[in-house]
Structures are given as C-alpha cells and as structure tokens.
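Step one of this worksheet: look at the structure below.
Quick caveat: nothing in here was measured; it's all calculated off a predicted structure. Just so you know, ligand 1 is whichever comes first in the structure, and atom 1 is the first atom listed for that ligand.
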Amino acid sequence: MADHNAKHVPDLLRSRTVALIGLMGAGKTTVGRRLADALVLPFIDADEEIEAAAGCSISDIFERHGEAEFRRGETLVMERLLHGTPHILATGGGVFMNPETRALIKSQAISVWLRADLDLLMKRVSRRNTRPLLQTGDPRQTMARLMKERYPTYGKADIIIDSVESAHDVVVRAIITALTKYYEERKS
Ligand code: S3P
C-alpha cells in the first residue's frame, strides 16, 4: 500500500508527530512502520532509541538498574524525540502514564491509542519474552492488571483505534481516516 511519493499525502497529515500509545502487544511498532510508510514520514521506535542510548537491551536496563532508572531514561528520550521533526513514534507501553510526558505528547504530537483486548495482547506478547514487566508467574494476570490501571489514562489519547486481529493495513487505514477527520474538525 506504500506510495513513496509524499506529494500524494496531504501536507496536513504530515505536519505533526503521531505518537502511538497502548499496551505491549498492541501493535505499535508493526502498525507504526506501515503508517510511516503510508504517510512518507520517518518511523521511530522509542524502545529502540532507549536501547541505543543505554547501549543495552531494555531487559538489561531493568535487570541492572531497575524500573525507576529505565523510566528516567525513557522520559529523556521521549523529550528529545517529541521536540524533533514530525515522525511516526511508537512509544513504550508505560510512556503515556507519566503525566509530564503525556502533557508533552499532547502539546507536540497527536496521540493514537491502539486499543486491544486481553486475548490479542497475550497472543502477541507470548511470541517473545523481551518484556521485563511480563516476567511474572502469571503474565496474563499481570497484563489484565495493567489494562485496568492504564486504560482509563490511555483513553485520554486524541484518537482511539481498535487494534483488531485483521491485517495491519486495515488498522493503518483506520488511523489515516481518523487523523484526516481529526485535522478537518480542527480546521473549521
Ligand atoms: C513497557 C513496555 C515496553 C517497554 C518496557 C516497559 C510498559 O514497550 O518500554 O518493557 O511499561 O508497558 P512496548 O509497549 O513497546 O512493548
């Protein structure tokens, strides 16, 4: 579906960073890459940026320095990215829970929550064990708790899209339609 000619994409759709938020397994990275392709914008994965800055994996950061230190680095990386030129930004699942970062996302970007149900999240995250928060005796219960804790806050996103188990391009198209509507509504 990618059309690598920015001329075909309305400038408005390329004028601000789009921050994808949501829980682990919601599809932020996969959908983000495709959205970036469709809008001819750069794609940045915040987790990868944190790993590059730290010189080790997220699991290693958690293990060696603890979650608080990870969150500190995450906040710094988000500040840097959000002050950059427009791009598609896949954020880590905890990012939108930080009130300052959330305010920064609100002022610098359009936030899109990829909302998914427990079964779909678990199906996706069980493919890899790279998420330190899910290294618990009962990852499903942990995920259910995170949903309960985070979904009310994720609900403050500018746009909410259901990340359903269909082709990712369906989700990408839904985001582009919602973004177009979002900009149209604010134009008038
Ligand atoms: C986290 C989500 C992860 C990563 C870290 C913490 C969270 O990112 O930032 O393991 O708090 O939900 P993804 O949502 O990209 O898996």
Close-contact set for ligand 1 against [X] heavy atoms, below 4.0 Å:
| X | answer |
| --- | --- |
| Leu133 | 7 (C), 11 (O), 12 (O) |
| Lys28 | 13 (P), 14 (O), 15 (O) |
| Gly94 | 7 (C), 11 (O), 12 (O) |

ask   = Which bit of Leu146 gets closer than 4.0 Å to ligand 1, counting heavy atoms only: side chain, backbone, both or neither?
value =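 For Leu146, there is no contact with ligand 1 at all, from either part.
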request  = With heavy atoms under 4.0 Å as the rule, classify the contact between Arg150 and ligand 1 as side chain, backbone, both or neither.
outcome  =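 Side chain only; the backbone of Arg150 stays clear of ligand 1.
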ask   = Could an N or O of ligand 1 be found under 3.5 Å from any N or O of Gly93, whether backbone or side chain?
value =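 N/O-N/O distance under 3.5 Å: yes.
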I want to check something: taking the side chain as every heavy atom from C-beta on, are [X] and [Y] in contact at a cut-off of under 4.5 Å?
| X | Y | result |
| --- | --- | --- |
| Asp119 | Arg140 | yes |
| Tyr183 | Ser15 | yes |
| Met78 | Leu89 | yes |
| Cys56 | Arg64 | yes |

key: Selection from Ile61, Val125, Leu121, Asp47 by shortest heavy-atom distance to atom 3 (C) of ligand 1   =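 It is Asp47 whose heavy atom sits nearest to atom 3 (C) of ligand 1.
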key: Non-hydrogen atom of Glu67 closer than 4.0 Å to ligand 1   =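 Distance cut 4.0 Å: Glu67 fails for ligand 1.
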key: Proximity flag Arg71 to ligand 1, non-hydrogen atoms under 4.0 Å   =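 Per 4.0 Å heavy-atom rule, Arg71 contacts ligand 1.
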request  = Check the pair Glu149 / Leu146 against side chain to side chain contact (heavy atoms under 4.5 Å, CB included), numbers first and verdict last.
outcome  = CA-CA 5 Å; Glu149 283 171 11; Leu146 288 171; 3.9 Å; yes
query = With Pro10, which residues qualify under side chain to side chain contact (heavy atoms under 4.5 Å, CB included), at least two apart?
reply =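 Applying side chain to side chain contact (heavy atoms under 4.5 Å, CB included) to Pro10 gives Leu13.
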key: Arg186 to Tyr182, cation-pi by 6.0 Å centre distance and 45° axis angle   =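 Verdict for Tyr182: a cation-pi partner in Arg186.
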key: Identity and distance of the protein heavy atom lying nearest atom 16 (O) of ligand 1   =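 So the nearest neighbour among protein heavy atoms is Arg131 NE, 2.9 Å.
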